[in-house]
Amino acid sequence: MLNPAALLEAVRRDFHGLDTRYPDAQGVARRRHYLDSAATTLMMGAANAVAQRYLAHYGSPHTSAHHAAQAAGATLDWARAAVLRFLSAPETDYACVFHGSGATAVLNRAARLLGRLRPERRVVLASLMEHHSNDLPHRSHGAQVRHVRLCPISGCIDLDDLERHLIAAPGQVNYVALTAASNVTGVVNPLAAAAELAHRHGALLVVDAAQAAAHMPLVLDGHDHRPDVLALSGHKIYAPGSPGVLVARRSLLQAAGPDEIGGGVVDDVGLDHYTLRADVPEREQAGTPDVLGALTLASALDVLGAIGMERIAAHEVLLLRQGQERLAQVPGVRLYGADASAARISCLSFNLANLPHALVATVLNDHYGIAVRSGCFCAHPYVAALLRDELFDLDVAGLDEAGIEQALAPRRGMVRASVGIYTEADDMEALADALADIGRRRDARLAGYRVLPDGRYRHGSAAAPLCEPAALLGQYLQGLTEQAA
Ligand SMILES: Cc1ncc(COP(=O)(O)O)c(C=O)c1O
């Protein structure tokens, strides 16, 4: 049995990309500080190693006569079981389906599935902090989405407002679509309480766990009110290249029938009829599944489970708290959601003085080797609400509408620094030091930038792209032919 604390320390240092170096604006190679894990995480060494070793046995799970095909089927079963184990989701209640390349595909599928299953319930309730991927699919697949307020004090979903919405639409709410944690502020939502309310009013709970899964425990067992559907995103759980994951109550999948059909999900097909397989989740997996991706993802989750999500959460929350304290001391930094009393994970969002967020993010990259994201993070209404007071404060007197828009555009957004299991205190220190330095040497640091038509900033001396697929392929083929010669 591996020691979880020792495993955490070993695994944290075993990620692809921790030593990546890029030239800064002066041409000096710097080790990158990767603070963009909320967008996509680096790849866990163990997950990649398992996938690479498995490749010697790669085959189709739709064949069964030979060894590799049997290995593929068993691997897929293991991967599904590992996902459920990670979530403490009893296999008797829940099934796991790999789908698409992230949570967006999965949430679209959930919207279609539940819309088909309960067409008489036309309303979906979504919180105001949702990522577009847990809002727009519900709108687009025919539901009338109503937005639930956030608590002014804790920052999480306002349960009283949720209940008001449920009462106001008796028998009409199909499900509540709620993120486990915000990808903008990291604020965590009370899932069990939301599930209890939803269920009391005959609604289901769909949880977008894309952001939360790598950072906090998500437990689908041991209490009465649990999510009915949950979406995970492989590239946010240290397994880039893996599929998204739909975890849903078996009873829902059984009743709704498969979303996609084709090979692999039928028992018998004639020219004028076909019979679907009866077993869930197998009959949900039309076509040849991404066994390699599923294995990569499940391996990453298994490692996280062996370390313990409580341990990981404690480690990262401490890091974020330290980062928050350091950023709060930097003159001109304004943190968002920092006053929330709810638990927070994953990220810190901020602005620096009155500088455009995109410029700050670019300067951090170009001069300090710090990779962050800026913008509205696919959560436009939430970011707009967080910025409302500041945008009101902007002096736009005397400007016409186009002028106001021009003044506001660079201010509509924030910079986000986000952590992963591999993030070091040193990464957060580097960020705080860099922001303080930009404040002190503002003119020098901001010189030489031009704005591109799409709003991004480009430094005059920006180097050519660093990692061109054609060049990588060319180098490989060159080596290969030299070896063969
Ligand atoms: C909370 C949340 N939901 C959904 C998504 C969409 O995930 P994907 O890009 O994997 O489809 C993201 C991605 O940033 C997210 O943070």
Side-chain angles (χ1 to χ4, degrees), residues 34-43 83 97-112 124 126-141 145 147-148 150 155-157 176-189 191 194 205-216 218 227 229-247 290 293-294 296-297 300-301 316 336-337 342-349 371-383 386 413-420:
Y34 190 76
L35 288 173
D36 197 20
S37 296
T40 207
T41 54
L42 300 180
M43 182 173 229
V83 171
V97 180
F98 298 109
H99 183 70
S101 61
T104 306
V106 172
L107 289 163
N108 272 281
R109 185 166 181 160
R112 288 194 298 273
V124 167
S127 90
L128 267 171
M129 69 163 72
E130 297 310 309
H131 188 282
H132 299 331
S133 294
N134 198 26
D135 179 350
L136 304 185
H138 315 304
R139 298 191 208 180
S140 136
H141 296 297
V145 174
H147 294 97
V148 181
L150 304 178
C156 63
I157 187 171
V176 175
L178 185 60
T179 188
S182 160
N183 64 314
V184 177
T185 54
V187 166
V188 172
N189 277 315
L191 296 184
L205 180 67
V206 172
V207 170
D208 171 2
Q211 198 54 236
H215 307 290
M216 60 181 258
L218 289 165
V229 174
L230 185 140
L232 298 175
S233 189
H235 70 97
K236 291 189 200 290
I237 338 178
Y238 309 123
S242 70
V245 186
L246 171 79
V247 173
D290 177 3
T296 312
L297 168 67
L301 293 184
E316 292 183 6
Y336 298 96
R344 298 177 59 182
I345 55 159
S346 160
C347 57
L348 298 169
S349 289
V372 290
R373 177 151 171 183
S374 82
C376 294
F377 320 116
C378 301
H380 288 212
Y382 186 33
V383 169
L386 290 165
M414 305 165 177
V415 183
R416 180 181 70 188
S418 50
V419 302

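No hydrogens, no waters, no symmetry mates; every other heavy atom, side chains included, goes into these values. Numbering of ligands and ligand atoms starts at 1, following listing order.
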Interatomic spacing from OG in Ser418 to NE2 in His215 - rounded to 0.5 Å: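 Atom-to-atom, Ser418:OG and His215:NE2 are 7.0 Å apart.
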
Taking [Y]'s backbone N and O only, do any of them form a donor-acceptor pair with [X]'s side chain (distance below 3.5 Å, no angle check)?
X	Y	answer
Lys236	Thr41	no
Thr296	Ser242	no
Gln211	Ala180	no

Residues which pass side chain to side chain donor-acceptor pair (under 3.5 Å) with His138, listed by chain and number, not counting sequence neighbours: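 Result, side chain to side chain donor-acceptor pair (under 3.5 Å) vs His138: Asn134, Tyr175.
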
Sorted by chain and number, the residues that approach ligand 1 to under 4.0 Å with a heavy atom: Gly102, Ala103, Thr104, His131, Ser133, Thr179, Asn183, Asp208, Ala210, Gln211, Ser233, His235, Lys236

Test applied, side chain to side chain contact (heavy atoms under 4.5 Å, CB included); reference residue, Leu128; option that passes from Val148, Leu150, Ile157: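 Exactly one pass, corresponding to Leu150.
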
